[in-house]
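One structure is given here, and the rest of the page talks about it.
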Amino acid sequence: MKPGDLKGFGDPESVTEAVTARSVKKKARGGHGAGHVSEVVRTATHRGHRITVKTTYTIDVDGTPIAGHFGVTDDGQVHYHAVPNVSFDSAIDMVKKLIDAFPDDFPPCPDCDAVGHDAAHADHDHPHHDAGHGGGH
Amino acid sequence: MLTMTTPTTTPATVEVTDMAVVRRNIVTDTRSRDRFVEGVKLLKAEHLGPTTRDLGIPGRAVPVSTYDLFVGWHHMAMESFTPASQGDRNAAHRGPAFLPWHRFMLLLLERSLQRVLRDRTFGLPYWDWAADGEARPAQQPRSAVWSDACMGGQGDPVANGPFAFSSSDPRAWRVKVAANVHNQLVKTDRGLRRAFAKNGLPGLPRQAQVTAAVDLAVFDDAPWSTASPGFRNQLEGWRPANAAPGLHNRVHVWVGGDMLPSSSPNDPVFYLNHCNVDRLWASWQARHSEVPYVPGASAHADLTGHRLDDDLFAFMSRPMKPRDLIDVSAVYTYDVLAQ
């Protein structure tokens, strides 16, 4: 790259033109839409056999669904695009992190017994035991 | 439309210079530090015309600052899966394009800062976080980068330094667009958040981990994702698995607060982190000058967006390709490369 290759980069007119153009394109852009059920499909081959693993998550907090897209990597780590720099052994751990990371989205829940809830479900908080329907990693 | 909420007049262009700028350590170079702070505040106050609708945010359209356009760009890149049939690799992360895409982003930010600062010699500063990682964990939140004169400290909201929040000061740093828990970009109006070492990571990356990454002799490899061997994935922070999150990822997680979500450029520390990541890539390139960027131009179409001659995901400019970003020595250099 030469300095001249950057001519116009960051200039107001070029920024405005690019954003306007990309904004229009964005409306037609694909990708994962937000939904309350998140399905992950993983495939692999082994000795000539094709493996397909579908993992479906339906997650809510205080009865409110988490609508973004969850992912599972081939090594079984769970991740969520709203907290992109970390993966989790456990989906429960991941959702706890979401509650920490997005305090504005989780107002106090007067009907929830937080201490009792955690204690009652402590045995679920293990890697690979909470991967949702059709799970397994 | 071009409006500024400060009396400053924004120059329309930045003169192209033949001289490569030098990117320096923010802790030791006070001029770079002060100009960076001044520049990001100018970009935060500049409104060129785009609105929240251009970022796909529903509801009443609100002008978006140039600084916040970068926030939106990063978020949109992160939700653009490559290819759309899988949910791991996106246009800027979890795959080979991680390094060239962020180099592209930093270049555009640097050019924008040069414009508003009217200073064509300005180079982005970097934060050598591994140097701080050598201190005891309890000392790391008190390192120089978090001083009042540099980035300020932690809090909800951050209450000291140049990005401290004040509800009565309209010029105070405000987060205006951010990702919510559903990974949708939404309007907000609040102070910046940081929460050091609150996410299960007591310490920043250490120098030995940087050295181990720079020593790797492969840039990237199949499956071109978070499971890949090679330098890119180790620098991004997914490998080695028993140390994840490492390096780049660890810095995001350690700083916490607004550095966690896909809208992490809300915190100017984002750029200090990524400038250091880019410095480490430059260090790796100097060490392994014979090793090519991969995947090459003819790799499988599933890698579209990451191959040598693919357009990187653009929003605020024309696209660039990884090939354009391999040798940037005529545009900028670093004062010191990692050993």
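Proteins come first, then strands; the chains are lettered A, B, ... in the order of their sequence lines, and each starts at number 1.
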Is the shortest heavy-atom distance from the side chain of A:Met1 to the side chain of B:Leu325 under 4.5 Å? yes
Could you check which of B:Glu236, B:His75, B:Arg250, B:Met320 has the highest count of heavy-atom pairs closer than 4.5 Å to chain A? B:Met320
Residue among B:Leu69, B:Leu48, B:Val64 satisfying side chain to side chain contact (heavy atoms under 4.5 Å, CB included) with A:Val19: B:Leu69
What are the two closest non-hydrogen atoms of B:Leu260 and A:Pro84, and how far apart are they? O-CD, 3.1 Å
Residue A:Val86 versus chain B: region with a heavy atom under 4.5 Å: both
For chain A, find which of B:Asn199, B:Thr82, B:Val253 contributes the most heavy-atom pairs closer than 4.5 angstrom. B:Asn199
If the threshold is 4.0 Å, N to carboxylate O, is there a salt bridge linking B:Arg193 and A:Asp104? yes
Closest non-hydrogen atom pair between A:Ser87 and B:Trp238, with its separation: OG-CZ3, 3.2 Å
Taking every non-hydrogen pair under 4.5 Å, which of B:Ser225, B:Ala314, B:Gly237 racks up the most with chain A? B:Ala314
What part of B:Ala195 is in contact with chain A, defined as an atom under 4.5 angstrom from a non-hydrogen atom: side chain, backbone, both or neither? neither
Exam field: side chain B:His182 to backbone A:Ile66, donor-acceptor pair closer than 3.5 Å: no
Contacting moiety of A:Phe70, where chain B heavy atoms sit under 4.5 Å: neither
Any donor-acceptor N/O pair, B:Arg115 side chain to A:Gly10 backbone, under 3.5 Å: yes
Measuring only between side-chain heavy atoms, which start at C-beta, is B:Leu107 closer than 4.5 Å to A:Leu6? yes
Let me confirm one number: the OG-CZ distance from A:Ser14 to B:Arg318, rounded to the nearest 0.5 Å. 7.5 Å
At a heavy-atom distance under 4.5 Å, which candidate from B:Gly256, B:Ser317, B:Ser112 has the highest pair count against chain A? B:Ser317
Salt bridge check, B:Lys198 against A:Asp100: does any charged N sit closer than 4.0 Å to a carboxylate O? no
Give me the atom names and distance for the closest heavy-atom approach of B:Thr226 to A:Thr73. OG1-CG2, 3.3 Å
Could you check whether the rings of B:Phe81 and A:His81 sit parallel, tilted or perpendicular, using 30° and 60° as the cut-offs? perpendicular
Looking only at A:Ala82, A:Gly71, A:Pro103, A:Ala18, most heavy-atom pairs under 4.5 Å shared with chain B are made by A:Ala82
Taking every heavy-atom pair that is under 4.5 Å apart, which of B:Ile326, B:Val186, B:Asp88 has the most such pairs with chain A? B:Asp88
Compare every heavy atom of A:Ser23 with every heavy atom of B:Asp54, then report the nearest pair and how far apart it is. OD1-OG, 2.9 Å
Hey, does B:Pro319 have a side-chain heavy atom less than 4.5 Å from the side chain of A:Arg22? yes
Shortest non-hydrogen contact between A:Phe9 and B:Leu108, atoms and distance: CD2-CD1, 3.6 Å
Portion of A:Val15 that has a non-hydrogen atom of chain B nearer than 4.5 angstrom: both
When every non-hydrogen atom of B:Pro245 is compared with those of A:Asn85, the smallest separation belongs to CB-O, 3.6 Å
Student check: side-chain heavy atoms of A:His79 and B:Arg94 closer than 4.5 Å: yes
Would a 4.5 Å heavy-atom cut-off, applied to side chains only, mark A:Asp5 and B:Asp324 as touching? no
Side chain, backbone, both or neither: which part of B:Phe70 has a heavy atom under 4.5 Å from chain A? neither
